[in-house]
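Take a look at the structure set out below.
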2 protein chains.
Amino acid sequence: MHANVKQNVIPLITPGLKVACSQCNLRELCLPFGLSDVDMGRLDSLIGGGRKLKRGHYLYRAGDPFESIFAVRSGFFKTDVLTEDGRDQVTGFQMAGEILGMDGISTEIHTCNAVALEDSEVCLIPFTELEMLSSEIHSLQHHLHKVMSREIVRDHGVMMLLGTMRAEERLAAFLLNLSQRFSARGYSPAEFHLRMTREEIGSYLGLKLETVSRAFSRFQDDGLISVQQKHIRIVDIPRLKTLLTPADGRIG
Amino acid sequence: MHANVKQNVIPLITPGLKVACSQCNLRELCLPFGLSDVDMGRLDSLIGGGRKLKRGHYLYRAGDPFESIFAVRSGFFKTDVLTEDGRDQVTGFQMAGEILGMDGISTEIHTCNAVALEDSEVCLIPFTELEMLSSEIHSLQHHLHKVMSREIVRDHGVMMLLGTMRAEERLAAFLLNLSQRFSARGYSPAEFHLRMTREEIGSYLGLKLETVSRAFSRFQDDGLISVQQKHIRIVDIPRLKTLLTPADGRIG
DNA sequence: GGACCTCGTTGACTTTTATCAATGCAAATT
DNA sequence: AATTTGCATTGATAAAAGTCAACGAGGTCC
């Protein structure tokens, strides 16, 4: 049984979907982390409802005016940046409980695109209101800062990956990261469906899609994973981890 | 005449250096941006003094407990991340007016090292106090968020560079970025001293030092720049820019 | 002032990844 | 059920960057 099932077909964008942090099983992963019941109620009344997006549709695009950040309720997103000359860099993949849109705070204009990779739902969090509330609720303010800082730290990890790792290390790191995040959400750490194409993985990892495909095949040949198109099963997590620390792997 | 001159020799770390945003000519680049005189005075009284660091000394290290963020008053820093197996990724170079240390907010522990690449001075901004003050001064709160968001956007730019550009494009982007930042601080956009080694540039750009050196040499052969060790003069900024948009460069 | 030492440059060669191209697979459409 | 279409795999070859090694320049320390 797979952890990740597609949503039913739903309207393109449905504003006004009722949402409440206090009822949400993601609250410990998401913005309301650490809030008291009373404060969570105040956050509830600020959340501008939810939106449903069908696969392939944009939550926002580079150039859009920034008004809100978004919390992923369900589904899967990618963010990417485009240059004038058509280059495309995937900057992240976001799943339930993760926050999208913080790129827009700095200039009040979004600098990247956010696309649903499967039918998804988000909570809309108007940023001005969030700032007002967070100046009253210290733990909310602090947690917002933590969420932004965590994004910075995550980005440093991606830089490390892009700057110092070879193709197979990058892919191993990518799979282990997904595994850990699925696990934190109660899904299997060993078996999951990739929502993104080889090309999107390649863009994220700074590789061409053929290189990604070959690395998958080699992992399978080596008995580390089993791949069938987008379905991944990690057969040997510990050995996959040793790919990331080649020195230890050889010495140990 | 070079814009960037080494500081005199000074004690290793000197806490208690008197600093005041209201007197600082970097205030429009830095955290107090947009504050009224009154509010700037309140920020002044929060700043925990300044620190001087000699070249090669650490402002903080990965693993240090997080207490403050820092604003660079003068000098030049690099930040880098290390993995267990000894890999080292430079994640940024910081100059006057830029903020350091936001990586530590998320876990209350710094995740990277910050090293002075020349004798430098920073202002120490205790973060808990900054949060308290920013819940009272809305424009300070908002500007802090902008600074953090700008860091996220900057990181996306580095990902783009590492993920999609070839060696010479990366170096061109790097030089143009330095040029623009020196220019914003009133220094020459065309002539400056690099504070970092080829190896540090390479680490930042995901290249080996020899590749960086060869790219410099080729730029010089092509009449784009003039290089003499750490002294750089950009001879043809427009043409250097065309290296970043190869499609346009060929079509135009 | 000379020796040392770090950093930078350059060359020859190797490794890795990209590119180009063909084929296969599977889900979506009619 | 057949066709289309997008995605994935695989192979052959080319290009880019890395590695190893030697040498040179500049600054620092006695």
Side-chain angles (χ1 to χ4, degrees), chain A residues 2 4-6 9 54-56 78 87-90 115 117-119 161-172 174-175 193-222 225-232 243 246, chain B residues 2 5-6 9 54-56 78 87-90 115 117-119 161-172 174 193-222 225-232 243 246:
Chain A
H2 301 143
N4 315 299
V5 179
K6 275 202 185 164
V9 174
K54 281 188 69 175
R55 185 161 88 103
K78 75 164 179 186
R87 274 184 283 210
D88 180 15
Q89 174 70 32
V90 172
V115 190
L117 294 184
E118 62 181 12
D119 296 350
L161 181 147
L162 291 170
T164 74
M165 295 185 187
R166 48 180 72 263
E168 295 191 0
E169 294 174 313
R170 294 183 200 191
L171 190 65
F174 173 71
L175 290 174
H193 262 92
L194 299 172
R195 272 72 169 182
M196 68 296 280
T197 65
R198 299 290 188 265
E199 186 166 22
E200 288 164 334
I201 297 172
S203 172
Y204 182 62
L205 300 180
L207 302 168
K208 293 295 164 185
L209 68 93
E210 295 94 330
T211 304
V212 174
S213 181
R214 281 186 245 268
F216 271 127
S217 298
R218 184 185 288 225
F219 283 174
Q220 180 160 252
D221 293 349
D222 291 353
I225 66 174
S226 134
V227 198
Q228 204 165 17
Q229 306 284 121
K230 291 191 156 67
H231 183 179
I232 300 286
L243 290 188
Chain B
H2 301 144
V5 179
K6 274 201 184 163
V9 174
K54 281 188 69 176
R55 184 162 89 103
K78 75 165 179 185
R87 275 184 285 212
D88 180 13
Q89 173 70 33
V90 171
V115 190
L117 295 183
E118 62 181 13
D119 296 350
L161 181 147
L162 292 170
T164 74
M165 294 184 187
R166 48 179 75 262
E168 296 191 0
E169 295 173 314
R170 294 183 199 189
L171 190 64
F174 173 71
H193 261 91
L194 299 173
R195 272 71 169 183
M196 68 294 281
T197 66
R198 299 291 188 266
E199 186 167 22
E200 287 164 333
I201 297 172
S203 171
Y204 183 62
L205 299 179
L207 302 169
K208 293 294 165 186
L209 66 93
E210 294 94 331
T211 305
V212 174
S213 181
R214 281 187 245 268
F216 271 127
S217 297
R218 184 185 288 225
F219 283 173
Q220 180 160 252
D221 293 348
D222 292 354
I225 66 174
S226 134
V227 197
Q228 204 165 17
Q229 307 284 120
K230 290 191 155 67
H231 184 182
I232 300 287
L243 289 189

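To find a chain, count down the sequence lines: A is the first, B the second, and so on, and within it residues start at 1.
Taking only distance into account, the side chain of A/E200 never meets the base of D/dC7 through a donor-acceptor pair shorter than 3.5 Å. Counting distance only, with no hydrogens placed and no angle test, the side-chain atoms of A/R214 and the base atoms of D/dG11 include a donor-acceptor pair under 3.5 Å.
The nearest whole Å value for the distance from the NZ atom in B/K208 to the C1' atom in C/dG11 is 19 Å. A/D221 has its CG atom 10 Å from the P atom of D/dG11, to the nearest Å. Summarising the geometry, the separation between CD1 on B/I232 and C1' on C/dG8 is reported as 12 Å, rounded to the nearest angstrom.
Of all the heavy atoms in B/F174 and B/L205, the pair that sits closest is CB-CD2, 4.0 Å. Between B/R170 and B/L161, the closest heavy-atom pair is NE-O, 3.5 Å.
To the nearest 0.5 Å, atoms CD (B/Q89) and CG (B/L162) are separated by 6.0 Å. With rounding to the nearest 0.5 angstrom, the CG atom of A/L209 is 7.5 Å from the OG1 atom of A/T197.
Nearest-nucleotide mapping onto DNA chain D: of A/F216 and A/R166, the residue sitting toward the 5' end is A/F216. If A/M165 and B/S217 are placed on DNA chain C by their nearest nucleotide, the residue sitting closer to the 5' end is B/S217. For A/T211 and B/V212, each mapped to the nucleotide of DNA chain C holding its nearest heavy atom, the one lying further toward the 5' end belongs to B/V212.
Set against C/dT19, C/dG8, D/dA8, the side chain of A/S213 has D/dA8 as its closest nucleotide. Taking every side-chain heavy atom of A/V227 into account, D/dT9 is the closest of C/dG8, D/dT9, C/dA26. The side chain of B/E210 lies closest to C/dT10 when the candidates are D/dA16, C/dC20, C/dT10.
Base engagement by A/L209 is indicated by at least one non-hydrogen atom pair under 4.0 Å involving a base atom. Residue contacts shown for A/T197 are limited to sugar-phosphate atoms, with no base heavy atom under 4.0 Å away. Counting non-hydrogen atoms under 4.0 angstrom, A/G206 reaches the backbone sugars and phosphates but no base.
The side chain of B/K230 contributes an N or O atom lying less than 4.0 Å from OP1 or OP2 of C/dG8. Between A/R198 and D/dA8, a side-chain N or O to OP1/OP2 separation shorter than 4.0 Å is present.
Between B/E118 and the choices B/K78, B/K230, B/R195, the salt bridge (Lys or Arg N to Asp or Glu O under 4.0 Å) rule is met once, by B/R195.
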